[in-house]
Number of protein chains: 2
Amino acid sequence: MVGKSTLYDVALKAGVSTGTVSHAFHHPELIKEDTKMKVLDAARELHYFPSGNARGLASGKTNAIGLFSFDMLISSPLWYVPKSNSDGVVEEPEISTFPLYVDEIEHGFELECKERDQALVLQALPNGKYESFVDSVGRVDGVALVEGFKPDIATIKALCDQRPVVLLSEPKSSYNALSIQVDNVAGTYALLDHLVLTHHVRDVAFLGTLDSPDSYERYNALMERAKRYDISVTHPSLGKWGASIDQAMAEARTFVEREDFPQAVVCVNDQLALSFMAVMRMLGRRIPEDVIVTGYDGILAGRFSSPKLTTVLQPSQAMGRLAARSLIERRGKPWGEPKFKLLPTKLVIGESCGCRRPSRPSMDRLVAADVSWFDSIKMRRGHNW
Amino acid sequence: MVGKSTLYDVALKAGVSTGTVSHAFHHPELIKEDTKMKVLDAARELHYFPSGNARGLASGKTNAIGLFSFDMLISSPLWYVPKSNSDGVVEEPEISTFPLYVDEIEHGFELECKERDQALVLQALPNGKYESFVDSVGRVDGVALVEGFKPDIATIKALCDQRPVVLLSEPKSSYNALSIQVDNVAGTYALLDHLVLTHHVRDVAFLGTLDSPDSYERYNALMERAKRYDISVTHPSLGKWGASIDQAMAEARTFVEREDFPQAVVCVNDQLALSFMAVMRMLGRRIPEDVIVTGYDGILAGRFSSPKLTTVLQPSQAMGRLAARSLIERRGKPWGEPKFKLLPTKLVIGESCGCRRPSRPSMDRLVAADVSWFDSIKMRRGHNW
DNA sequence: CTGTTAGCGCCTTCAG
DNA sequence: CTGAAGGCGCTAACAG
């Protein structure tokens, strides 16, 4: 009863051989309808759940693809912390979360898998932990690695020769993998063009550490474009910004008092931009009147911030979908050569750059704007409302 | 080079036996430091990735837990479709998504797995497809099933005797599984109390099909509580609401013209509530002036809708976390008896019930309200800003 | 059409 | 401390 039954049990019960049982599942056309039914019935009665491991081992594939990240993927969301109301009515017990950049990638990945009926294994690997990485890789037919991975380079390279690998947010490489990246350069150019041409910005600071390919590209592109307008770009250190809110306030205080405090602050991502805006506000500075702030990524929270964040939007979901699709289509076959795909970015004008928007986004716009919104809602529970 | 190397290759290269290699990985204390290093080096040089399947087969565990849903999990999000601006400035290329109820559950599940360094397999199963279900189960040591599953009852029951199973949004059952549900009754009571006592509602309609344990409970609780106040509850059919927006408009039109059109509409979930509000608005009705609308779940979109949605909030993330944690702690061992856990709900007052809020939620509140928001942001990229 | 059998890659006693 | 060997549950030839 409690014991798990195996293929042998099924064969025994059905009075056939194991080969036949296997055929009944995978090559039903090879056996008689009659015996097939016998087998299926037996399996059902025994509550037979085939072992995925044994299957995989025998057939040489795991039948699953992976999305691994070495850092904080799936992790800390952007909290929305409700304050208890002045009249005491509202006191929400659970904090809501805004999906971030990697969440969107992940979501796209999942959507694609779901639509293709693919199993997906998600794993967050402790950064730099060689063994866990090596371990996990053996569990999937192909894997997408999210930016931030820094295990042994040679290992990654070898992996690319053994199975299909997608490198997300990575520039063109010499690995036999598919690297997918967004067009940071075009996005940055568009951003600076807007700041300069529309808002007459003459000096900007780039905020954020250069610790990923994206951040490098963004910084470099900004420097590059700045030459064209002959404007200055500083890159002030954030110091202990991330240590605590007090530390961030301290850093911000020194920053605003510098005589080269800029007209515009280009943050390396939306999270930083949002927290920077918040801290500025706590210091009594207004945005965009006192300082213009922009971000990168286009996360949902930025559309509901006040002021609405001007940012360089990335097709994060599309990125995730593309990764999954590519992996699935390779069916375990590694790329024989380096591949590269550049996804477009798009400048999204908010209010934090000084533009005025007609109104705050509201759910009114949802339906009014596009019926597909409605269609998407109704899908969820199989039209059962 | 391209061939995947196995344990044998490593043994050969290290000049030891396969058993020793295995020991080097799993029982290093049993072998000499010296030979261990030899093995590890060999493995590294060969870029040896152990087969998860073989490991699992030999050790009898998959080392992963699953989150399965039989329907639309991970699926259609609530789109935010940006309209291109009147001044033509904004034309956002990608639609953003609001996470829904199941997304929050999933997120909690993932967070818990990540924190515990657990691999997680996600799979959306075609509803009622017995085989794919049976297939997928063999890939994990334990599984959480999201509401909406309707495969062979006996199969589920048998599964519960073989591995740990968590049933989400399911009432107490006789299965040897852990069922987790939210307190719909208390939530509904609180909701109706508020509507009656604060807004003097005398008649309400319950909107939504009764096709899940939660929906039944909500409806029943509403009926029950209504007795106490001696008010009437209708349950109008939504007809082809989900078919298209035109159909929904048509349904809504007949509904508003009924002479028993109620003061308040209690929708079975937030999505329905949001789309109902949208459709009402398209028909020229105001909310809450013309009709009060409420939902269930407490999804993020409802906090940014206009008017802000009054709803019965569920601790969805906590539910996901609890499921994952329970599964991990069982380590493949099935529950020997039915278990049940009831999670609390909380009435969240918005504006759609007629209450007035001091202000629209804005990102200002984020920091002002709670420093933990800041802390949560900074975590993301390992403090590297 | 069905049965037989040899692995798949690894782990784990059990000898040595 | 290390090597040898059986077996985990299933698939896929290959016979019959």
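Letters A, B, ... are given to chains in the order of the sequence lines, protein chains preceding strands, and every chain is numbered from 1.
Nucleic acid contact class of A/Thr18 (heavy atoms, under 4.0 Å, all strands): base. Residue contacts shown for A/Phe25 are absent, as no nucleic acid heavy atom lies under 4.0 Å away. At the heavy-atom level, B/Val16 lies under 4.0 Å from the strands shown only through sugar-phosphate atoms. Residue A/Gly19 is in base contact, counting any heavy-atom pair closer than 4.0 Å across all strands shown.
The distance between atom NE2 of A/His23 and atom C1' of C/dG3, rounded to the nearest whole Å, is 10 Å. The distance from atom CG of B/Leu12 to atom P of C/dG9 is 15 Å, rounded to the nearest whole Å. If you take CG of B/Asn53 and P of C/dC11, they are 12 Å apart, rounded to a whole angstrom. We find that NZ of B/Lys36 is positioned 16 Å from C1' of D/dT2, with the value rounded to whole Å. A/Lys61 places its NZ atom 18 Å from the C1' atom of C/dG9, with the value rounded to the nearest Å. Across the protein-nucleic acid pair, A/Met37 atom CE and C/dC1 atom P stand 16 Å apart, rounded to whole Å. At whole-Å resolution of the value, CG in A/Leu7 and P in C/dT4 are 14 Å apart. If you take CG of A/Leu30 and P of C/dG3, they are 13 Å apart, rounded to a whole angstrom.
For A/Leu57, counting side-chain heavy atoms from C-beta on, the closest listed nucleotide (C/dC8, D/dA4, C/dT2) is C/dC8. Taking only side-chain atoms of A/Ala58, from C-beta outward, the nucleotide of D/dT2, C/dC8, C/dC10 with the closest atom is C/dC8. You'll find that the side chain of A/Ile31 is closest to C/dT2, out of C/dC10, D/dA12, C/dT2.
Contact between the side-chain N/O atoms of A/Thr20 and the OP1/OP2 oxygens of C/dT2 is not found at any separation under 4.0 Å. One finds a side-chain N or O of A/Arg55 lying less than 4.0 angstrom from the OP1 or OP2 phosphate oxygen of D/dT11. In this structure, A/Tyr8 does not reach the D/dT11 phosphate: none of its side-chain N or O atoms is under 4.0 Å from OP1 or OP2. Contact annotation: B/Thr35 side-chain N/O to D/dT2 OP1/OP2 distance is under 4.0 Å. Applying the 4.0 Å criterion to OP1 and OP2 of D/dT11, one finds that A/His26 has a side-chain N or O inside that range. A close approach under 4.0 Å does occur between a side-chain nitrogen or oxygen of A/His27 and OP1 or OP2 of D/dA12. At least one side-chain nitrogen or oxygen of B/Ser22 sits closer than 4.0 Å to the OP1 or OP2 atom of C/dC11.
By the 4.5 Å heavy-atom criterion applied to side chains, B/Leu40 and B/Phe25 are counted as neighbours.
Taken to the nearest 0.5 Å, the NZ atom of A/Lys172 stands 11.0 Å off from the CD atom of A/Gln181. Expressed to the nearest 0.5 Å, how far CZ of B/Arg330 lies from NZ of B/Lys339 amounts to 8.0 Å. The distance from atom NZ of A/Lys32 to atom CE of A/Met37, rounded to the nearest 0.5 Å, is 14.0 Å. Between the CD1 atom in A/Ile65 and the CZ atom in A/Arg116 there is a gap of 9.5 Å [rounded to 0.5 Å]. A/Ser5 contributes atom OG, which lies 6.0 Å from atom CD of B/Gln162 (distance to the nearest 0.5 angstrom).
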